[in-house]
Amino acid sequence: MTGRFGRLLVTGGAGFIGSCFVRDILARRDGTRITVLDKLTYAGNQANLASVTQDAEQARRFEFVQGDIADAAVVAPLASAADAIVNFAAESHVDRSILDPEAFLRTGVIGVHVLLAACRREAEAAAAGRRPAAPRLLQVSTDEVYGSVDEGHASEDAPLRPRSPYSAAKAAGELLARSYHVTYGLDVVVTRGSNTFGPFHHPEKLIPLFITNALDDRELPLYGDGLQRRDWLYVGDHAGAVEHVLRNGVAGEVYNVPGNRELPNREVVRLLLEHLGKPWSLVRHVEDRPGHDRRYAMDGSKLAGLGWRNRTPFETGLTQTIDWFRANEPWWRAIRSGDWDAYYERQYASRLAHGVAAATVTRPESGASGAT
Ligand code: NAD
Ligand code: DAU
């Protein structure tokens with residue numbers, strides 16, 4: 001049953017969460033057709049969509065277009081052929097936004113504007129009877145727009161206080177999207193997801209970086225005291241929640257997508273080393289990320305009220321993720337080649353040279369749980 005949204009344009013669909021969204025929907029074989037528009041930046045990877053392109057039935061309902069969401073000429077015909085646009089496209093790594101912010105603004109602000117302008121033209125076409133209905137745009141945003149939440153859980157009407165170039169660009173993108181709902185009556189919904197993990201996660205991020213480094217017995221660069229807290233959400237649950245909001249969300253509304261599993265980073269690292277059978281002595285405390293948000297935490301009652309429940313507990317997801325990285329070494333070795341070394345050197349060489357072996361600072365007690 002494809003319902004209202006039989007033809008989807010998924011932007012950023014070759015990345016981590018977007019590719020999961022595409023794989024999961026096409027694997028249901030319900031007739032939905034998906035076009036992915038992806039620039040294939042360093043984070044985009046067509047190998048993430050191999051299960052689709054290697055399956056004849058799914059491949060017939062799938063099209064891949066390499067291009068930039070900030071390019072209006074590319075976006076216009078794709079928007080005109082879509083019932084809905086789901087925008088995952090973004091530069092997504094906070095550390096890279098601190099090194100080089102500009103690409104974050106181009107994709108996160110101008111790119112979103114181009115998608116919205118295309119939707120506006122399509123809404124006008126619908127009003128003139130040239131298409132059956134205006135497209136819906138779902139803007140995938142992040143819990144980082146709330147900034148560091150020292151106490152309690154941010155609900156959707158909490159103030160936005162982004163503190164990195166990444167999160168500031170994400171806040172700008174979603175505010176622009178909501179302004180198009182208010183000003184032009186566009187059908188826009190926004191999701192704010194928490195820290196996502198799982199198979200196909202780019203190895204620049206904490207969990208896959210530490211898994212792949214540990215598999216190679218390399219040092220694990222833990223920023224600052226390692227007591228920053230994140231709320232972990234399995235990728236299949238994030239993708240599922242986005243689809244649930246696409247189909248059921250109210251136009252103009254924002255929905256938090258929490259994982260409901262808040263953990264200090266040190267505890268995440270302890271758990272993954274335990275699963276991998278690797279020693280805590282691999283951990284090095286290194287210079288902190290500038291402006292590092294101490295804690296993210298969201299209230300998920302609005303999404304629960306829409307009928308969504310996460311399915312994958314953190315420990316199950318972590319085991320599946322570690323197993324996947326063990327079984328898919330060629331996938332991550334290919335990413336950790338080429339430009340990877342230059343990035344790693346820039347981000348970590350000095351930090352690791354001046355870091356302190358964590359074993360000499362503190363060692364988390366086995367079995368200690370930082371979960372709330
Ligand atoms: P990712 O970096 O793995 O993938 C991003 C994808 O977007 C890549 O395929 C990349 O090639 C593509 N892209 C980048 N710029 C583009 C452009 N200008 N035009 C077309 N394609 C472009 O990111 P992810 O982790 O999958 O995150 C997806 C979305 O979810 C992002 O919007 C991110 O802000 C948001 N989000 C991520 C998390 C998380 O923990 N990963 C949590 C909450 C929200
Ligand atoms: O909260 C949602 C956000 O989660 C998304 O919007 C972002 O796209 C996504 O990248 C992620 O952002 P974080 O900055 O929280 O994720 P990252 O994996 O980079 O870092 C997680 C925590 O681990 C954070 O406190 C920083 C710390 N860290 C990270 C790296 C890469 C380290 O201690 N060492 C590291 O080398």
Side-chain angles (χ1 to χ4, degrees), residues 10-21 36-46 48-49 65-71 74-75 86-98 103-104 106-108 110-112 114-115 139-146 148 162 164 166-167 169-170 173-174 191-198 200-210 213 219-233 235 238-239 242 257-259 263-266 268-269 283-286 288-289 292-298 344 347-348 351-352:
V10 180
T11 50
F16 166 47
I17 308 169
S19 67
C20 179
F21 179 87
V36 164
L37 171 62
D38 198 295
K39 190 176 173 184
L40 294 181
T41 67
Y42 78 91
N45 189 347
Q46 283 184 283
N48 298 355
L49 296 164
V65 178
Q66 183 173 0
D68 188 338
I69 61 163
D71 183 340
V74 172
V75 167
V86 183
N87 181 31
F88 290 96
E91 293 289 336
S92 68
H93 192 32
V94 173
D95 289 327
R96 290 190 195 250
S97 86
I98 294 167
F104 288 74
R106 182 165 164 78
T107 297
I110 302 301
V112 174
V114 168
L115 294 177
Q139 172 64 12
V140 178
S141 189
T142 168
D143 62 358
E144 299 207 12
V145 297
Y146 295 115
S148 202
S164 72
Y166 163 70
S167 54
K170 292 299 294 183
E174 67 156 88
T191 55
R192 292 184 184 142
S194 66
N195 272 70
T196 306
F197 72 105
F200 299 98
H201 202 183
H202 193 286
E204 68 193 351
K205 309 283 168 48
L206 176 77
I207 288 181
L209 178 70
F210 280 27
N213 274 12
E219 294 166 313
L220 313 182
L222 187 62
Y223 295 157
D225 61 10
L227 294 176
Q228 306 83 6
R229 300 173 80 85
R230 296 290 183 269
D231 171 29
W232 293 97
L233 171 65
V235 64
H238 192 160
V242 166
V257 185
L263 291 167
N265 291 341
R266 273 169 25 120
V268 172
V269 176
V283 176
R284 278 185 90 75
H285 277 291
V286 300
D288 209 348
R289 171 186 281 175
H292 197 166
D293 288 334
R294 200 71 185 158
R295 174 175 180 257
Y296 299 136
M298 293 185 293
Y344 201 83
Q347 181 62 24
Y348 294 110
R351 280 191 163 88
L352 285 168

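Numbering of ligands and ligand atoms starts at 1, following listing order.
Exactly one residue among Gln228, Arg230, Arg229 makes a side chain to side chain donor-acceptor pair (under 3.5 Å) with Asn265. That residue is Gln228.
Distance check, rounded to the nearest 0.5 Å: NZ of Lys170 to OG of Ser97 gives 12.0 Å. Thr196 OG1 to Ile17 CD1: the interatomic distance, rounded to the nearest 0.5 Å, is 4.0 Å. Atom CG of Leu209 sits about 7.5 Å away from atom CG of Leu220, to the nearest 0.5 Å. Rounding to the nearest 0.5 angstrom, the gap separating the OG atom in Ser164 from the CZ atom in Arg96 is 14.5 Å. Note that the CG atom of Asp95 and the NE2 atom of His292 stand 8.0 Å from one another [nearest 0.5 Å]. Taking CG from Asn195 and NE2 from His238, the interatomic distance works out to 10.5 Å, rounded to the nearest 0.5 Å.
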List the steps, then state whether side chain to side chain contact (heavy atoms under 4.5 Å, CB included) holds for Phe88 with Val242.
-> CA-CA 10 Å; Phe88 290 96; Val242 166; 4.0 Å; yes
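If you check the side chains of Tyr42 and Glu204, you find a donor sitting under 3.5 Å from an acceptor. Ser92 and Lys205 form a side-chain donor-acceptor contact under 3.5 Å, judged by distance and modelled atom types alone.
Ligand 2 has an N or O atom lying under 3.5 Å from an N or O atom of Thr142, backbone or side chain. Of the N or O atoms in Tyr296, none lie within a sub-3.5 Å distance of an N or O in ligand 2. Of the polar atoms of Ser194, none of the N or O atoms is found under 3.5 Å from an N or O of ligand 2, judged by distance alone. At a 3.5 angstrom cut-off on N or O pairs, Asn265 counts as close to ligand 2. Checked by distance only, ligand 2 and Pro221 come closer than 3.5 Å through their nitrogen or oxygen atoms.
Ring geometry for Tyr348 against Tyr223 counts as parallel: the plane angle stays under 30°, on a 0 to 90° scale with 60° as the upper cut.
Interface atoms of ligand 2 facing Leu222, defined by a heavy-atom separation under 4.0 Å, are 33 (O). Each of the atoms 31 (C) of ligand 2 lies under 4.0 Å from some heavy atom of Glu204. Taking every non-hydrogen atom of Leu209 and a distance limit under 4.0 Å, the qualifying atoms of ligand 2 come out as 36 (O). If you number the atoms of ligand 2 from 1 as listed, the ones under 4.0 Å from a heavy atom of Val94 come out as 14 (O). Of all atoms in ligand 2, numbered sequentially from 1 with element shown, those under 4.0 Å from a heavy atom of His93 are 19 (O). For ligand 2, the atoms lying closer than 4.0 Å to a non-hydrogen atom of Tyr348 are 30 (C), 31 (C), 35 (C), 36 (O). Within ligand 2, the atoms closer than 4.0 Å to a non-hydrogen atom of Tyr166 are 5 (C), 6 (O), 7 (C), 8 (O), numbered from 1 in the order shown. In summary, the atoms of ligand 2 found under 4.0 Å from a heavy atom of Lys205, numbered by their order in the structure, are 10 (O), 18 (O).
When hydrogens are left out, the protein atom nearest atom 18 (O) of ligand 2 is Leu206 N, 2.8 Å; that is the closest non-hydrogen contact. Ranking the protein heavy atoms by distance from atom 14 (O) of ligand 2 puts Arg289 NH1, 2.6 Å first. The shortest contact between atom 2 (C) of ligand 2 and any protein heavy atom is with Asp143 OD1, 3.1 Å. Here the heavy atom of the protein found nearest to atom 33 (O) of ligand 2 is Tyr223 N, 2.8 Å. Here the protein heavy atom with the shortest distance to atom 8 (O) of ligand 2 is Ser92 O, 2.8 Å. Among all protein heavy atoms, the one lying closest to atom 13 (P) of ligand 2 is Glu144 OE2, 3.5 Å.
Between Phe16 and His202, the ring center distance fails the sub-6.0 Å criterion.
Within the 4.5 Å cutoff, the side chain of Val140 has no heavy atoms near those of the Asn87 side chain. You'll find the side chain of Val235 stays beyond 4.5 Å of the side chain of His201, heavy atoms only. Between Val75 and Leu37, some side-chain heavy-atom pair lies under the 4.5 Å cut-off.
Distances shorter than 4.0 angstrom do not occur between any heavy atom of Lys170 and any atom of ligand 2. Distances from ligand 2 to the non-hydrogen atoms of His292 include at least one value under 4.0 Å.
Both the backbone and the side chain of Asn195 come within 4.0 Å of ligand 2, counting heavy atoms alone. The proximity of Val286 to ligand 2, defined as any non-hydrogen pair under 4.0 Å, does not occur for either the backbone or the side chain.
A cation-pi arrangement is absent between Arg192 and Tyr296, since the terminal nitrogen or guanidinium carbon is not both under 6.0 Å from the aromatic centre and inside a 45° cone about the axis.
Salt bridge Asp225/Arg294: present, at least one basic N to carboxylate O contact under 4.0 Å.
Ligand 1 is surrounded by Gly12, Ala14, Gly15, Phe16, Ile17, Asp38, Lys39, Leu40, Thr41, Ala43, Gly44, Gly67, Asp68, Ile69, Phe88, Ala89, Ala90, Ser92, Thr107, Val140, Ser141, Thr142, Tyr166, Lys170, Gly193, Ser194, Asn195, Thr196, His238, each with at least one heavy atom closer than 4.0 Å.
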